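So you know, we letter chains A, B, ... as the sequences are listed, proteins then strands, and number each from 1. Small disclaimer: the values here were computed from a predicted structure and weren't measured. All heavy atoms count here, side chains included; hydrogens, waters and symmetry mates do not.
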There are 2 protein chains.
Amino acid sequence: MASHGARGRSGGRPTLEEVAARAGVGRGTVSRVINGSPRVSEATRAAVEAAVAELGYVPNTAARALAANRTDAIALVVPEPETRFFAEPYFSDMLKGVGAQISETEMQLLLIFAGSDRERQRLAQYLAAHRVDGVLLVSVHADDPLPDLLTQLEIPAVISGPRSAAETLTSVDSDNYGGARQAVEHLLSRGRRRIAHITGRMDVYGARRRADGYREALADAGLPVDGTMMEPGDFTEEGGRRAMAALLERHPDLDAVFAGSDVMAAGARQVLRETGRRIPDDVALVGYDDSAIARHMDPPLTSVRQPIEEMGRRMIDLLLEEIADRRPAVSRGLERRQVVLATKLSERESS
Amino acid sequence: MASHGARGRSGGRPTLEEVAARAGVGRGTVSRVINGSPRVSEATRAAVEAAVAELGYVPNTAARALAANRTDAIALVVPEPETRFFAEPYFSDMLKGVGAQISETEMQLLLIFAGSDRERQRLAQYLAAHRVDGVLLVSVHADDPLPDLLTQLEIPAVISGPRSAAETLTSVDSDNYGGARQAVEHLLSRGRRRIAHITGRMDVYGARRRADGYREALADAGLPVDGTMMEPGDFTEEGGRRAMAALLERHPDLDAVFAGSDVMAAGARQVLRETGRRIPDDVALVGYDDSAIARHMDPPLTSVRQPIEEMGRRMIDLLLEEIADRRPAVSRGLERRQVVLATKLSERESS
DNA sequence: ATCACTTGTGGGAGCGCTCCCACGGTACCT
DNA sequence: AGGTACCGTGGGAGCGCTCCCACAAGTGAT
């Protein structure tokens, strides 16, 4: 209410002590009220809350951080240049989920880009100074030293897209294996039998899992698994084009293509068109990511959708758990936590 | 070098005191070295720096913030939902400039979205807690209470795009007036004489300045300034379409259009095409922003480019100055600081 | 009535820094 | 020789909080 007298008194912002004096209680009691401790009587709590409102008291974060050895902040580290970050809907969807979930808490989110060496240098300093309670890592390459640095500094961290099946950090991922199966089974159900796969870079765990899903879906359907029906792209449009051309050379009679990403599917589509093949009449095409590209392609592309926003939300949940677990210093929860979320096929005209 | 024994000693991170002991000096001296004070002898400085390196000392930011009453962090506040932020190249270009400039300093950048009411609530708390030393404000509407809140809290702030000619905050802007003149003068030099203008929302200062530039460029060329040759759009494609239709109704013989934004130009282009007019043969078209739209339009759109990255850089410079100025509590520098940067015309086939 | 708990509360200690005052030393004046 | 100036340095005080121990008052078992 009368949040105006706030900056009178000593000229600056009111302190815990001033609130305590005003409410006629001790410093400790005010601290308990502020932090929601249950060990405070109803009457006292009300008195303190009134004093807080009257003085317009806002806790001093620096003091709290110093005394309690925590920062109430977590960092979202993007190991990519800003430009890529903005170009890809993956990041903005994830940020949306992260932002939504964190706004339910008192935590503060920091966005840190670590694309250049200089930025990485600063980040290392930043982490060494323990300026955040935890870290969210998105899109980390297999050989990135960052995860190990975090482990060494004992900073809680959650990674999106584990680096391998043996990922040591807590991770959130979509079901790449299952997603790929969905795509292939969909093509099978449409009567396709000569299904090729353009894979992503095979040093990316998710891409390997998708290839696994492709293979096993075929095997389970009693179809032969032919290595020459697979060709690596590198997640780019040009890579998709090259891979498609290579596949057509080996198998001019293929009747379906499952591409490991929408961007590669776009490249593949061009080559299919150029060689006079109609989509989906001659060759059915399925992508992965269900991005804007998929919706705007001609014809619209059937694609596997990952629940990216949901992944962002789960990452926050897991990270907060890790942070809470670590507080009592027990370092329990030694079990690795790996969350895998289901994908969903968005069926469109390309298949 | 031997940055390994770092976390031995007391189990945690080394403190100033430990560094002092190791270097055989006092706490104050170490502090001076860390903060680059000139009042330290060369020999002592070297000894301290060696100790810092050996122990892997990193200052505790919370303690520093508490003792010095500063945070070494500034916030970039985006009063828009995340989605718009990512959609517009304006923001990412600005972020690039801001990020580049701030990485030259020890300051930390926080990205804060304040699109929803809830987010605004949190932001107000955040600012009240003085968790940042300064604020960068981008794309603020005329009636936004944020600038006044910042003034009231005495938090240094720099705004991109002043709200009016009487903007009280330090501001950085591109030369909207000059940019509009460039556009119109370009059309005049191409022999166009019946030039219409689709304005932006007239409650946006920049849009008014562009209209001023349009008018005065015509007047200076000795041409009549006709109010019916101007029509407000609202910065949307649909608005551009409507405005174009209205202008053609009144002046079917116009030979050029200067649109207040590329997006509106895209709308105008559609109407021009639909009414059988060729660009640039029958009607020349010029936009504003020089965005991706301009480059990809058919025909490519001549457009006024704003130095957005440079604006971001200047904003940081100005903000750091403000913060530094305020430190000695003198609150000098009462002169309003308004920086205006020049625009440049990107000439393409539409004119 | 005594003892053992529990509940609510007050306040000391201390987190790791910066700020600033005081002090010894050297250099230069009178 | 004494005085004045400054430079480089050490360390006390204090920033505003949390943590935790101590303690008063209440509760119920013995």
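- Pairs passing the ring-ring contact (aromatic ring centres under 6.0 Å, His included) check and including a residue from residues 93-119 of chain B, sequence neighbours excluded, read B:Phe85-B:Phe113.
- Listed pair A:Thr29 / C:dT9 fails the phosphate criterion, with no side-chain N or O lying under 4.0 Å from OP1 or OP2.
- For residues 21-50 of chain A, no pair satisfies ring-ring contact (aromatic ring centres under 6.0 Å, His included), with sequence neighbours left out.
- When the local axes at the two ends of the helix from C:dA1-D:dT30 to C:dT30-D:dA1 are compared, using 5 base pairs at each end, they differ in direction by 50° after rounding to 10°.
- In this structure, the side-chain contact (heavy atoms from CB on, under 4.5 Å) partners of A:Gln108, at least two apart in sequence or on a different chain, are A:Ala73, A:Leu110, B:Leu110, B:Ile112, B:Tyr126, B:Arg131.
- Legend: residues meeting side-chain contact (heavy atoms from CB on, under 4.5 Å) with B:Ala128, ordered by chain and number and at least two apart, are A:Val58.
- To the nearest angstrom, P of C:dG8 lies 10 Å from CD of A:Glu42.
- For B:Glu17, the side-chain contact (heavy atoms from CB on, under 4.5 Å) partners two or more places apart in sequence, or in a different chain, are B:Thr15, B:Arg27.
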Quick test: give all pairs of protein nitrogen or oxygen and nucleotides 23-28 of chain C nitrogen or oxygen below 3.5 Å, distance rounded to 0.1 Å.
none

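- A heavy-atom distance below 4.5 Å is found between the side chains of A:Leu95 and A:Leu109.
- Evaluation of the ring-ring contact (aromatic ring centres under 6.0 Å, His included) test over residues 22-51 of chain B, restricted to residues two or more places apart or in two chains, returns none.
- Every residue meeting the side-chain contact (heavy atoms from CB on, under 4.5 Å) condition with A:Ala23, not counting sequence neighbours, appears here in chain and number order: A:Val25, A:Val48, A:Ala51.
- Applying the salt bridge (Lys or Arg N to Asp or Glu O under 4.0 Å) rule to B:Glu321 yields the partners B:Arg337; only residues at least two apart in sequence or on another chain are considered.
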> What one-letter contact string describes nucleotides 17-24 of chain D from 5' to 3', where B marks a base within less than 4.0 Å of any protein heavy atom, S marks contact via sugar-phosphate atoms alone, and - marks no contact?
Replying inline: BB-B----
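- For A:Arg163, the salt bridge (Lys or Arg N to Asp or Glu O under 4.0 Å) partners are A:Glu167, not counting sequence neighbours.
- What separates CG of A:Leu66 from P of D:dC15 is a distance of 13 Å, to the nearest Å.
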